[in-house]
Trainee: 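Mind having a look at this structure? Questions to follow.
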Number of protein chains: 2
Amino acid sequence: MANEKVTSNDVARLAGVSQSAVSRYFTPGTSVSKKTAEKIRAAAEELGYRPNVLARSLITGRSRIIGLVVAYLENYFYPEVVERLSKALQDQGYHVLVFISSIASENVDQITQEILDYQVDGIVLASANMSSELAARCHASGVPIVLFNRLQDDERLSAVTSDNRGGGRQLAELLVSLGHRRCGYIAGFEGASTQRDREKGFREGLEAAGLALFAREVGNFRYEEAQAAARRMFAGSERPDAVFVCNDHMAFAVMDVLRFELGLRVPDDVSVVGFDDVPPARWPAYDLTTIRQNVDHMVAETVATLMQSIKEGEGTARRITLDGALVLRGSTRAKAQTGETR
Amino acid sequence: MANEKVTSNDVARLAGVSQSAVSRYFTPGTSVSKKTAEKIRAAAEELGYRPNVLARSLITGRSRIIGLVVAYLENYFYPEVVERLSKALQDQGYHVLVFISSIASENVDQITQEILDYQVDGIVLASANMSSELAARCHASGVPIVLFNRLQDDERLSAVTSDNRGGGRQLAELLVSLGHRRCGYIAGFEGASTQRDREKGFREGLEAAGLALFAREVGNFRYEEAQAAARRMFAGSERPDAVFVCNDHMAFAVMDVLRFELGLRVPDDVSVVGFDDVPPARWPAYDLTTIRQNVDHMVAETVATLMQSIKEGEGTARRITLDGALVLRGSTRAKAQTGETR
DNA sequence: ACCCATTTTGCATACGTATGAAAGGCATTG
DNA sequence: CAATGCCTTTCATACGTATGCAAAATGGGT
């Protein structure tokens, strides 16, 4: 009922050694003699002693906590990130303190302040962007920051992303090669770099084939808004024959509208492509052609960046861009036919 | 670049007051005069001072950290839990330290040890179960534990669950009322209380109508294993005409197999029902009849239990069971027809 | 102007640990 | 046997904050 906090002093007393000896026993990289080590081990075991990480942090200046800011887990790309990142950091002896930022995301600065209050050793921003003022403060405090799946102008911030622009271009080339000429685009949240880069690449790919966007709507990365966007895009008589939706999550919404509200067949009437390759993309109900973001690889680079910055102090920012692989599935028509579709 | 840690002493010096005054200014419930408050505010602002939560914890014995253990975020019920729980706790000034336990889950004890090292004020177990030995240790340390969406024999553990048994029974009654007589069941991980309770309720519901399970397979809460289970269940010539899948996540897998591998129509050939009401359940591609677990309600009760235990010390364990609502959708046939289907 | 009640302030200490410096132990070497 | 060196151990202190206690200051009432 009451708390029976066991401290290193209790262990020391029972083992008949000093508190420092106990501390040394539990600190990797230090040495104690076989004899006292055994005494300490036994005493610690008997009392159920484990070092207090918080008190340790106070001395070492390292909390072994990484702050993770993420906006919405509704897009199933992020749960995967949370899981993999958390596991990868656990393997390094770190743990993840989660902060959910409202999508409004104007409170990201406030949230990041709260994170800093915990003396985290690093921060991963997997959602909205932070003010460069705050970035400066983190830099001043020596807390490394890694942007995950987004970029920001501030040159001092490290970032890990996929090649969104290249991915967008690949998708454009694919649709063009399949004979599509009326390609629509459903955008994510306009403030996001992923959105901008994917759209830019897609437009470039179309232009290379002498085409321009046939239609464009905004879905803000939300399922419901993407549904509405799809309804608007297909309201007129001149419909697109292919749609690139800025991420898989919204692509599911678009496919659902096309099939179940408008009675269109995918891919026979309209091809749909997405971005991310979240698990449902390979479920037969959607079977979505998309660009795979290699989460494991992204996580590994993120952890490596963090560990390096923590150990050696943050040198110059690392900006890592990983290639995404085109995954061909059933939401795009098969190659063969290549003529006009009108 | 180097870290310029600002402490309460720095602020005190600049403001021309004592360190205690600064501490008091930042501690709710204490009082300082208008005049010094203003001096401190100004000095703190100038230096960018914020109290060190970790140092504070050392004194107060409260870290304002809640440990959350979760096994797999692949089932989209849990991302929702993480998001809502984290938000709700943020509102209370607490934050969530995430621990991912392998599904093997024999390392839950080890993980919980790591959690305790962080001096957490409470623990939420949203996945596997812990040994009662460890539960005893937590109890001894005065760290409250809440089981989320699962039960365990140990009477000292608080738990928040839905009425899984009642939900299972409701689904049985629904299927029976729709005229189904050959009801199959696809189980989750056998060690989970949710699995056991849902199956028990389902069987009871069938028995009340003089029926027994027509078929049973195990999917272990995994998409792929659920697919395999569905294939086995529908391999013979005597097929079920309805299936209760222990959670939505697996139900999607089952529907995909039925429709896209076996060419069966849902609900015309087979009715499918699930449990949880995760977001994809209401997407038109699945449109799944299910039992809704009210995550917000569950989270609220979890937070309330934690806060009470933290404040007043854990009294007797609270075991809260919330009703789940039946959500009728298109994966079950419409009422009308009530006769034999054979 | 004085006194008492109340609020505000500072001093000192404690929380649980890590770590540099000093002291002790032991064996090896000349 | 004394001297030297290395490995262990202890001592003392620091990390950044909260808080009981005593001292000081404030304010109100007569």
Side-chain angles (χ1 to χ4, degrees), chain A residues 2-41 43-44 47-65 93 116-121 141-142, chain B residues 2-41 43-44 47-65 93 116-121 141-142:
Chain A
N3 36 348
E4 42 153 57
K5 292 259 168 121
V6 183
T7 77
S8 55
N9 270 306
D10 300 328
V11 177
R13 206 173 306 126
L14 179 60
V17 298
S18 73
Q19 179 267 327
S20 337
V22 178
S23 169
R24 293 216 154 80
Y25 176 75
F26 283 100
T27 306
T30 58
S31 60
V32 285
S33 71
K34 287 273 181 191
K35 202 169 48 182
T36 55
E38 174 51 26
K39 284 194 290 187
I40 294 173
R41 197 203 53 71
L47 299 177
Y49 169 78
R50 306 212 82 203
N52 180 331
V53 176
L54 268 40
R56 172 177 283 176
S57 308
L58 199 54
I59 295 276
T60 61
R62 304 227 162 289
S63 60
R64 308 199 77 81
I65 296 178
L116 289 175
D117 293 349
Y118 281 91
Q119 312 298 113
V120 294
D121 292 344
S141 307
Chain B
N3 36 348
E4 42 154 56
K5 292 259 170 124
V6 182
T7 76
S8 55
N9 270 306
D10 300 329
V11 176
R13 206 173 306 124
L14 178 60
V17 298
S18 74
Q19 180 266 327
S20 337
V22 178
S23 170
R24 293 210 163 84
Y25 176 76
F26 282 100
T27 306
T30 58
S31 60
V32 285
S33 69
K34 285 273 181 192
K35 203 168 46 182
T36 56
E38 174 51 26
K39 285 194 291 188
I40 294 173
R41 198 202 52 71
L47 298 177
Y49 169 77
R50 308 212 80 206
N52 180 332
V53 175
L54 267 41
R56 175 178 280 178
S57 307
L58 199 53
I59 295 277
T60 62
R62 304 227 163 290
S63 60
R64 308 199 76 81
I65 296 178
L116 289 175
D117 293 348
Y118 282 91
Q119 312 299 113
V120 294
D121 293 342
S141 308

Trainee: Round to a whole Å and report the spacing from CD of B:Q119 to P of C:dC15.
Mentor: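 Value for this atom pair: 14 Å.
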
Trainee: Please state how far atom CD1 in A:I40 lies from atom C1' in D:dT10, giving the value in whole angstrom units.
Mentor: 12 Å

Trainee: Would the distance check show the side chain of A:T27 and the main-chain N or O of A:S23 forming a donor-acceptor pair, the cut-off being under 3.5 Å?
Mentor: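 Yes; judged by distance alone, with no hydrogens or angles, the pair exists.
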
Trainee: For B:V53, check side-chain contact (heavy atoms from CB on, under 4.5 Å) against everything at least two apart and list the hits.
Mentor: A:D117, A:Y118, B:S57

Trainee: Please test B:V22 against B:Y49 for side-chain contact (heavy atoms from CB on, under 4.5 Å), starting from the C-alpha separation and ending with a verdict.
Mentor: CA-CA 10 Å; B:V22 178; B:Y49 169 77; 4.3 Å; yes

Trainee: Rounded to whole angstrom units, what separation is found between the CG atom of B:L116 and the P atom of C:dG16?
Mentor: 16 Å

Trainee: Between B:T7 and D:dG16, is there a contact of a side-chain N or O with OP1 or OP2 at under 4.0 Å?
Mentor: no

Trainee: When you measure from the side-chain N and O atoms of A:T27 to the phosphate of C:dA18, is any distance below 4.0 Å, counting only OP1 and OP2?
Mentor: yes

Trainee: Using whole Å, what does the distance between atom P of nucleotide C:dG16 and atom CG of B:L58 come to?
Mentor: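 Result: 7 Å.
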
Trainee: Atom CZ of B:R62 to atom P of C:dC15: distance rounded to whole Å?
Mentor: 16 Å

Trainee: Looking for any heavy atom pair under 4.0 Å, which part of the strands does A:Y25 touch: base, sugar-phosphate only, or nothing?
Mentor: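 Nothing, no nucleic acid heavy atom in range.
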
Trainee: What is the separation between atom CZ on A:R56 and atom C1' on D:dG16, rounded to the nearest whole Å?
Mentor: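 Between C1' of D:dG16 and CZ of A:R56: 18 Å.
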
Trainee: Suppose we screen for side-chain contact (heavy atoms from CB on, under 4.5 Å). Which residues come up paired with B:L116, at least two apart in sequence or across chains?
Mentor: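 Per chain and number, B:L116 pairs via side-chain contact (heavy atoms from CB on, under 4.5 Å) with B:Q113, B:I123, B:C138, B:V143.
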
Trainee: Test of understanding: with salt bridge (charged side-chain N to carboxylate O under 4.0 Å, His left out), list the residues that count as partners of B:R13, not counting sequence neighbours.
Mentor: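 With sequence neighbours excluded, B:R13 shows a salt bridge (charged side-chain N to carboxylate O under 4.0 Å, His left out) to B:D10, given in chain and number order.
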
Trainee: To the nearest 0.5 Å, tell me how far B:L58 CG sits from B:N52 CG.
Mentor: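 Atom-to-atom, B:L58:CG and B:N52:CG are 9.5 Å apart.
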
Trainee: With distance as the sole test, does B:R64 use its side chain to make a donor-acceptor pair with the main-chain N or O of B:G93 at under 3.5 Å?
Mentor: yes

Trainee: In this structure, how many angstroms lie between the P atom of D:dT17 and the CZ atom of B:R64, rounded?
Mentor: 16 Å

Trainee: I'd like to check the salt bridge (charged side-chain N to carboxylate O under 4.0 Å, His left out) partners of A:R62; sequence neighbours left out, ordered by chain and number.
Mentor: none

Trainee: Taking all heavy atoms of B:R24 and all of B:S31, pick out the closest pair and write down the distance.
Mentor: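 B:R24 and B:S31 have their closest heavy atoms at CD-O, 4.4 Å.
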
Trainee: Take the C1' atoms of the five end pairs on each side of the helix from C:dA1-D:dT30 to C:dG30-D:dC1, get both axes, and report the angle to 10 degrees.
Mentor: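 For the helix from C:dA1-D:dT30 to C:dG30-D:dC1, the axes at opposite ends meet at about 40°.
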
Trainee: What string of B, S and - do you get for nucleotides 4-14 of chain C 5' to 3' if you count protein non-hydrogen atoms under 4.0 Å?
Mentor: ----SSBBB-B

Trainee: Is any side-chain N or O of B:Y118 closer than 4.0 Å to OP1 or OP2 of C:dG16?
Mentor: no

Trainee: Nearest-Å distance, CZ (B:F26) to C1' (D:dG16)?
Mentor: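 The distance from CZ of B:F26 to C1' of D:dG16 comes to 13 Å, rounded to the nearest Å.
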
Trainee: Considering only side-chain heavy atoms of A:N52, which listed nucleotide, D:dT17, D:dA18, C:dG16, is closest?
Mentor: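 It is C:dG16.
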
